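Below is one structure, written out as structure tokens; comments come after it.
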2 protein chains.
Amino acid sequence: MKTQLHVKMNEALYLRNPESTILGKNILKQSIILIHKSGFENFTFKKLAELIGTTEAGVYRYFENKHKLLVYLTAWYFAWIEFKIMFHTNNMSNPVFRLMRVISLLSETVGDDLQTEYIDESLLHQIIIAEGSKAYLTKQVGDDNKQQFFKPYKDLCAVISKLILDCNPAYKYPKSLASTLIEMAHFQKFFMNNLPSLTDFSATKNDSDIVAFLTDLVCRSLSIKNSEASF
Amino acid sequence: MKTQLHVKMNEALYLRNPESTILGKNILKQSIILIHKSGFENFTFKKLAELIGTTEAGVYRYFENKHKLLVYLTAWYFAWIEFKIMFHTNNMSNPVFRLMRVISLLSETVGDDLQTEYIDESLLHQIIIAEGSKAYLTKQVGDDNKQQFFKPYKDLCAVISKLILDCNPAYKYPKSLASTLIEMAHFQKFFMNNLPSLTDFSATKNDSDIVAFLTDLVCRSLSIKNSEASF
DNA sequence: TACAAATAATAGCAAAACTATCATTTTTTA
DNA sequence: TAAAAAATGATAGTTTTGCTATTATTTGTA
């Protein structure tokens with residue numbers, strides 16, 4: 001039996017816990033597929049219901065609206081990334097190596113190592129790249145934040161910023177550098193695939209180039225010798 | 001008489017040129033006010049029409065839909081920023097100083113130096129921070145890009161990346177660093193005001209902190225001594 | 001003055017974004 | 001195992017959004 005990862009979600013994100021029923025799990029699973037396919041703007045609860053074989057009202061019993069669903073998926077993703085980071089760097093003693101590993105984990109295409117039956121992590125990763133910012137780039141960001149909807153993002157940022165300080169305690173902007181890493185791991189990948197002239201990776205379209213860019217950025221910012229960081 | 005800035009826009013962005021008529025200029029002016037006030041998701045052509053004192057159909061004669069309008073505003077903003085950069089750095093011979101100036105121009109609250117009668121640049125700047133990414137984070141990004149809708153963004157990125165190479169011809173990631181600067185000038189400001197724990201500027205809420213962060217990032221990436229950059 | 005262009009006024013439609021009701025099925029638990 | 005509770009399905013209906021079409025009127029211009 002495989003170890004199953006379970007993420008405890010903020011209860012204010014849903015009306016009925018989608019993880020507690022088959023229909024709920026189906027809503028999560030198929031919404032990821034549908035948002036990935038049609039984009040968040042063209043995604044509706046009606047289309048989702050048809051895909052699942054339930055009714056619109058059925059979906060509304062779980063999520064108040066599609067914005068809450070997106071915030072839910074985003075929160076799940078960041079909690080999952082944080083767990084992944086813990087899992088893959090726990091045994092590393094050198095903070096520089098750990099930070100380099102974090103950059104890979106943020107930038108590289110998701111494998112199938114830590115699976116959840118009803119969530120396709122690889123698709124979710126792609127959704128977050130293209131739609132994740134829309135979870136907080138809204139007028140309600142203040143209210144949503146008060147309800148702790150973005151806690152997983154902030155927690156991840158805190159973990160990375162602590163790691164940054166472990167590498168260089170004198171560095172002045174650990175949190176901003178952490179959020180820059182997270183955002184740029186996503187944006188550079190989006191640009192690489194969709195607006196390539198905004199990046200230097202148009203020719204290769206290779207994740208490892210993004211890793212190299214972010215690694216360079218961090219190493220220089222923290223005065224880490226590149227030789228010290230490679231292994 | 002003041003020098004009036006005129007930005008030549010991509011004709012595929014509109015149905016009828018909004019700059020050619022009073023109603024069109026009003027659509028631009030009031031849409032900026034309304035999007036700023038209610039956010040892009042809650043913004044509709046009907047509400048805009050009511051605000052202006054025209055009809056919904058009247059607005060539709062100028063813009064196909066609200067997405068095109070947002071792309072128009074985004075394109076206008078980036079063309080304007082590029083002009084501003086040219087204008088304010090033209091007389092500077094030292095590329096490092098120029099680059100530092102660019103960081104300020106990207107990050108700092110917009111003053112009223114280069115004005116256009118029907119566009120409130122300060123409000124537009126705030127809109128771009130919160131809504132700008134939505135112009136390209138869509139399923140149609142490929143089509144929109146083929147129609148050159150994002151040319152002003154790419155041009156700005158090209159200008160900055162050239163400047164980066166002027167400072168350090170050996171630097172490997174000029175375009176990605178340029179797009180990182182542009183995006184982070186916006187995102188760090190959004191975070192500072194709305195999700196402060198993702199930044200190191202929660203206490204001050206001061207633009208100059210963002211400038212300091214980005215300056216540090218760039219100087220270290222390009223091996224520029226901070227003393228060399230300050231003036 | 002007449003001609004074209006732009007605008008206003010109005011109507012209407014399809015889809016999206018919900019809410020409500022009630023019957024039926026499934027699950028829980030007393 | 002029967003009764004209560006919870007979840008689902010089926011259906012219907014409302015308001016708003018997003019968009020198109022038509023016709024009349026105004027405004028600018030040759």
Side-chain angles (χ1 to χ4, degrees), chain A residues 9 11-31 34-35 37-73 118 131 134-135 138-140 143-144, chain B residues 9 11-31 34-35 37-73 118 131 134-135 138-140 143-144:
Chain A
M9 298 297 293
E11 289 182 14
L13 280 170
Y14 50 76
L15 298 171
R16 180 174 299 169
N17 188 350
E19 293 176 301
S20 68
T21 64
I22 301 165
L23 178 59
K25 290 175 188 177
N26 242 302
I27 288 172
L28 294 179
K29 188 179 184 65
Q30 301 297 331
S31 68
L34 192 52
I35 293 172
K37 192 177 160 190
S38 24
F40 188 65
E41 280 72 31
N42 305 311
F43 166 83
T44 70
F45 277 3
K46 190 169 189 189
K47 291 177 194 163
L48 175 62
E50 274 160 25
L51 184 64
I52 295 173
T54 182
T55 59
E56 217 182 339
V59 180
Y60 275 104
R61 277 192 208 105
Y62 284 84
F63 289 100
E64 214 181 311
N65 52 51
K66 70 177 189 169
H67 174 251
K68 283 266 172 71
L69 173 56
L70 179 65
V71 176
Y72 182 101
L73 293 175
Y118 48 89
E131 325 281 357
K134 296 171 192 167
T138 68
K139 273 285 155 184
Q140 336 125 52
D143 293 335
D144 286 357
Chain B
M9 298 297 294
E11 290 182 15
L13 280 171
Y14 51 76
L15 298 171
R16 179 174 300 170
N17 189 350
E19 293 175 302
S20 68
T21 64
I22 301 166
L23 178 59
K25 289 175 188 179
N26 241 302
I27 287 173
L28 293 178
K29 187 177 184 66
Q30 301 296 330
S31 67
L34 192 53
I35 293 172
K37 192 176 160 192
S38 26
F40 188 65
E41 280 71 32
N42 305 311
F43 166 83
T44 68
F45 277 3
K46 191 171 188 187
K47 291 177 193 165
L48 175 61
E50 274 159 26
L51 183 66
I52 295 174
T54 182
T55 58
E56 215 182 338
V59 180
Y60 274 105
R61 270 187 224 109
Y62 284 84
F63 289 100
E64 213 181 312
N65 51 51
K66 69 176 190 171
H67 174 251
K68 282 265 171 73
L69 173 57
L70 179 65
V71 175
Y72 182 100
L73 294 175
Y118 47 89
E131 325 283 358
K134 296 171 194 168
T138 68
K139 273 285 155 184
Q140 335 126 50
D143 294 334
D144 286 357

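Every value quoted in this text rests on a predicted model; they were computed, and no experiment measured them. Throughout, protein chains are lettered first and strands after them, A, B, ... in sequence-line order, and every chain is numbered starting at 1.
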Practice prompt. Measure the distance from CG on Asn42(B) to P on dC18(C) and round it to the nearest whole Å.
Written response: 11 Å
Discussion item. Output the rounded distance in Å from CD (Glu50(A)) to P (dA17(C)).
Written reply: 14 Å
Discussion item. Please confirm whether the shortest side-chain N or O distance from Thr21(A) to OP1 or OP2 of dT8(D) is below 4.0 Å.
Written reply: yes
Worksheet entry | Flag for Tyr62(A)-Thr21(A): side-chain donor and acceptor within less than 3.5 Å | yes
Discussion item. From the set dA6(C), dA16(C), dT8(D), return the single nucleotide nearest to any side-chain atom of Leu23(A).
Written reply: dT8(D)
Item to complete: Please work out which of the three classes, parallel, tilted or perpendicular, describes the rings of Phe40(B) and Phe43(B), given edges at 30° and 60°.
Response: parallel
Item to complete: Check every atom of dA10(D), dC18(C), dG18(D) against the side chain of Arg61(A) and return the nucleotide holding the closest atom.
Response: dA10(D)
Item to complete: Please report, rounded to the nearest Å, how far the P atom of dA16(C) is from the CZ atom of Phe40(A).
Response: 14 Å
Discussion item. Judged by each residue's nearest nucleotide on DNA chain D, which is more toward the 5′ side, Ala57(A) or Tyr62(A)?
Written reply: Tyr62(A)
Worksheet item: In terms of side-chain heavy atoms, does Tyr118(B) have a donor or acceptor partner in Glu19(B) at a distance below 3.5 Å?
Response: yes
Worksheet item: Counting only side-chain N and O atoms of Thr54(B), is one of them less than 4.0 Å from OP1 or OP2 of dA8(C)?
Response: yes
Worksheet item: Hey, mind stepping through Lys134(B) and Glu41(A) against salt bridge (charged side-chain N to carboxylate O under 4.0 Å, His left out) and telling me if it holds?
Response: CA-CA 10 Å; Lys134(B) 296 171 194 168; Glu41(A) 280 72 31; over 6 Å; no
Practice prompt. Return yes if the base of dA6(D) and the side-chain atoms of Arg16(A) contain a donor-acceptor N/O pair under 3.5 Å, otherwise no.
Written response: no
Worksheet item: In whole angstrom, what separates Asn65(B)'s CG from dC19(D)'s C1'?
Response: 10 Å
Discussion item. What's the closest nucleotide to the side chain of Lys66(A) if the choices are dA6(C), dA17(C), dT10(C)?
Written reply: dA17(C)
Practice prompt. Grab the CZ-C1' distance between Phe63(A) and dT19(C) for me, whole Å please.
Written response: 19 Å
Discussion item. Output the rounded distance in Å from CD (Glu41(B)) to C1' (dA17(C)).
Written reply: 14 Å
Worksheet entry | Value in whole Å for how far the P atom of dA7(D) lies from CD1 of Ile52(A) | 17 Å
Worksheet item: Charged N to carboxylate O under 4.0 angstrom, Lys47(B) versus Glu50(B)?
Response: no
Practice prompt. Would you kindly give the CZ-to-P distance between Phe43(B) and dG18(D), to the nearest whole Å?
Written response: 10 Å
Worksheet item: Mapping Lys46(B) and Ile22(B) onto DNA chain D by nearest heavy atom, which one lands closer to the 5' end?
Response: Lys46(B)
Worksheet item: Which residue, Glu56(A) or Ser20(B), contacts DNA chain C at a nucleotide closer to its 5' end, judged by nearest heavy atom?
Response: Ser20(B)
Worksheet item: What nucleotide among dC19(D), dT8(D), dA10(D) has an atom nearest to a side-chain atom of Tyr60(B)?
Response: dC19(D)
Worksheet item: Can you find a donor-acceptor N/O pair under 3.5 angstrom joining the side chain of Glu64(A) to the base of dC18(C)?
Response: no
